[in-house]
Amino acid sequence: MSDPAHNAVTYAVGAGVATITLNRPDAMNALDTPTKVLLRDTVLAAAEDPAVRVVVLTGTGRAFCVGQDLKEHIGLLQANDQAALWSTVPDHFAPIALALAEMPKPVIAAVNGVAAGAGASMAFACDFRVVADTAGFNLAFTGIALSCDTGISWTLPRLIGHAKALELLYFPRTVPAAESLDLGLATSVVPAADLEAAVSELAAKLAAGPTVAYGAVRQSLGYSASHTLAEALVFEAGKMQLTGSTEDHHNAVASFVAKQKPTFTGR
């Protein structure tokens, strides 16, 4: 019999697109420790794989991800296992958030169902959130008297502003897809039946683009959020030099001169 823990996260790569799928549908893709370890390692592998030009994160069943597995959490509380309870934030949640937000390639969250707690946080660390019209976000942390994690304190105010971020974190509720779009939590909302096609179209477009430039842009925006203008200008200069040395840049300039559409290889 196969170990379900090894199937809790699936990974597939095709045409430059890596699809990472949370695969615990019976648990609404809740994150127990084996799943967190596997997800962390899979996201890091996708970040480092030169064959991967865009990453898609999604879930199976009726949820995207409802965050920490509370059944496991309750067991650790009852056992008073303080080390296991709180080491998971720096050991699992933080590396996942950093890798999703900072890898040098675009990342799409295909939000197929409710994204709650750390599930919402992971979606907010991505560049794009394509949301099924039946899905929603719930910033559930204070509902169980916990603070927030997985980078949401950094990403959420930048998406919707400080005041609205506080409101949604103080008073958790499921924000439906349409409202998520109005607030800026969702990049786009599509009929649930069209989610896979919409994500595939966006992923293919990104996978055919200048990957190094995309990575440089997302890292530049992340850097500028916590640095001065002078520091950001220096960072930009380094990324301009990096992208200026790529095959894609040289080929694109030559194509422009020749009045042709460039083809990008991601190198």
Please assess Leu38 against Thr35 for the test side-chain contact (heavy atoms from CB on, under 4.5 Å), listing each intermediate value before the final yes or no. CA-CA 5 Å; Leu38 187 53; Thr35 304; 5.8 Å; no
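- Going from atom OG1 of Thr211 over to atom CG of Leu206 covers 9.0 Å, rounded to the nearest 0.5 Å.
- A salt bridge between Arg24 and Asp69 is present, with a side-chain N of the basic residue lying under 4.0 Å from a carboxylate O of the acidic one.
- Minimum interatomic distance between Ser255 and Pro262 (heavy atoms only, all atoms of both residues): OG-CA, 3.6 Å.
- We find that Lys105 and Glu48 are not joined by a salt bridge, their nearest charged nitrogen and carboxylate oxygen being 4.0 Å or further apart.
- For His92, there are no ring-ring contact (aromatic ring centres under 6.0 Å, His included) partners two or more places apart in sequence or in a different chain.
- Proximity of Leu166 to Phe171: side-chain heavy atoms (C-beta onward) are nowhere separated by under 4.5 Å.
- With contacts defined as side-chain heavy-atom distances shorter than 4.5 Å, the pair Glu102/Arg218 does not qualify.
- A side-chain donor-acceptor contact under 3.5 Å links Asn112 to the backbone of Gly61.
- Not a single side chain to side chain contact (heavy atoms under 4.5 Å, CB included) links Glu201 to another residue, sequence neighbours left out.
- Remark: Lys205 engages no residue in a salt bridge (charged side-chain N to carboxylate O under 4.0 Å, His left out) (not counting sequence neighbours).
- Side-chain contact between Glu179 and Arg173 is present, with heavy atoms from C-beta onward closer than 4.5 Å.
- Test Thr21, Val111, Leu39 against Leu57 for side chain to side chain contact (heavy atoms under 4.5 Å, CB included) and you get one pass: Leu39.
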Take Asn23 and Thr10 through the test side-chain hydrogen bond (donor to acceptor under 3.5 Å, both in side chains) and record every step on the way to the result. CA-CA 7 Å; Asn23 188 37; Thr10 65; 5.6 Å; no
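- In this structure, Asn251 contributes its side chain and Glu247 its backbone to a donor-acceptor pair below 3.5 Å.
- When side chains are defined from C-beta on, Leu181 does not count as touching Val131, because their heavy atoms never get closer than 4.5 Å.
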What verdict does the side-chain contact (heavy atoms from CB on, under 4.5 Å) test give for Arg129 and Phe137, after you've listed the backbone C-alpha separation in whole Å, the side-chain angles of each residue and the deciding distance to 0.1 Å? CA-CA 11 Å; Arg129 282 156 298 285; Phe137 295 98; 4.3 Å; yes
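- Across Ser87 and Pro90, no two heavy atoms sit closer than the pair O-CD, 3.2 Å.
- Qualifying salt bridge (charged side-chain N to carboxylate O under 4.0 Å, His left out) partners for Arg40, counting only residues two or more places apart in sequence or in other chains: none.
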Take Leu159 and Phe124 through the side-chain contact (heavy atoms from CB on, under 4.5 Å) test and state the conclusion after the steps. CA-CA 8 Å; Leu159 289 172; Phe124 299 154; 3.9 Å; yes
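- The heavy-atom pair separating Ala165 from Ile160 by the smallest distance is N-CD1, 3.8 Å.
- Using a 4.0 Å cut-off between a side-chain N of Lys or Arg and a carboxylate O of Asp or Glu, Arg267 and Asp248 do not qualify as a salt bridge.
- Note on Val212: it does not cluster hydrophobically with Val54, by side-chain heavy-atom contacts below 4.5 Å among ILVMFWY residues.
- In this view, Lys36 and Gln68, Thr88 satisfy the side chain to side chain donor-acceptor pair (under 3.5 Å) rule, not counting sequence neighbours.
- Using a 4.5 Å heavy-atom cutoff, the side chains of Val199 and Thr58 are not in contact.
- No side-chain heavy atom of Thr246 sits under 4.5 Å from any side-chain heavy atom of His250.
- Residues Ala192 and Asp133 approach most closely at N-OD1, 3.1 Å, considering heavy atoms.
- Contact detail for Ala203 and Val56: the closest heavy-atom pair is CB-CG2, 4.1 Å.
- Looking at Lys164 and Glu167, a side-chain N of the basic residue comes within less than 4.0 Å of a carboxylate O on the acidic one, giving a salt bridge.
- Distance check, rounded to the nearest 0.5 Å: CZ of Phe264 to OH of Tyr214 gives 7.0 Å.
- Annotation for Asn29 and Ala63: closest pair ND2-O, 2.9 Å, computed over non-hydrogen atoms.
- The structure places OG of Ser224 at 11.0 Å from CD of Glu231, a figure rounded to the nearest 0.5 Å.
- To the nearest 0.5 Å, the span separating CD1 on Ile20 from CG on Leu100 amounts to 7.0 Å.
- Residues Val107 and Val43 share a hydrophobic cluster, clusters being chains of Ile/Leu/Val/Met/Phe/Trp/Tyr side chains in contact below 4.5 Å.
- Taking Tyr223 as the reference, His227, Phe235 meet the ring-ring contact (aromatic ring centres under 6.0 Å, His included) condition, with sequence neighbours excluded.
- The distance from atom CD1 of Ile108 to atom OG1 of Thr187, rounded to the nearest 0.5 Å, is 9.5 Å.
- Arg62 CZ: 12 or fewer foreign heavy atoms inside a 6.0 Å radius.
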Please test Gln82 against Asn80 for side-chain hydrogen bond (donor to acceptor under 3.5 Å, both in side chains), starting from the C-alpha separation and ending with a verdict. CA-CA 6 Å; Gln82 295 295 311; Asn80 196 29; 2.8 Å; yes
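- Both Leu139 and Leu183 belong to a single network of hydrophobic side chains, linked directly or stepwise wherever heavy atoms of I, L, V, M, F, W or Y lie under 4.5 Å apart.
- Both Leu185 and Leu169 sit in one connected hydrophobic cluster of ILVMFWY residues. Membership requires side-chain heavy atoms under 4.5 Å apart, directly or through other members.
- Note on Val130: it clusters hydrophobically with Val17, by side-chain heavy-atom contacts below 4.5 Å among ILVMFWY residues.
- Checked by atom type and distance alone, the side chain of Ser180 never pairs as donor or acceptor with a backbone atom of Gly136 at under 3.5 Å.
- In this structure, Met122 CE and Thr155 OG1 are separated by 12.0 Å, a value rounded to the nearest 0.5 Å.
- Heavy-atom neighbours of Glu196 CD from other residues, nucleotides or ligands within 6.0 Å: at or below the threshold of 12.
- Thr150 places no side-chain N or O within 3.5 Å of a backbone atom of Ile96 that could act as its donor or acceptor partner.
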Using the rule given for side-chain contact (heavy atoms from CB on, under 4.5 Å), can you reason through Phe141 versus Ser121, listing the C-alpha separation, both sets of side-chain angles and the distance that settles it, and then say yes or no? CA-CA 11 Å; Phe141 301 100; Ser121 302; 3.6 Å; yes
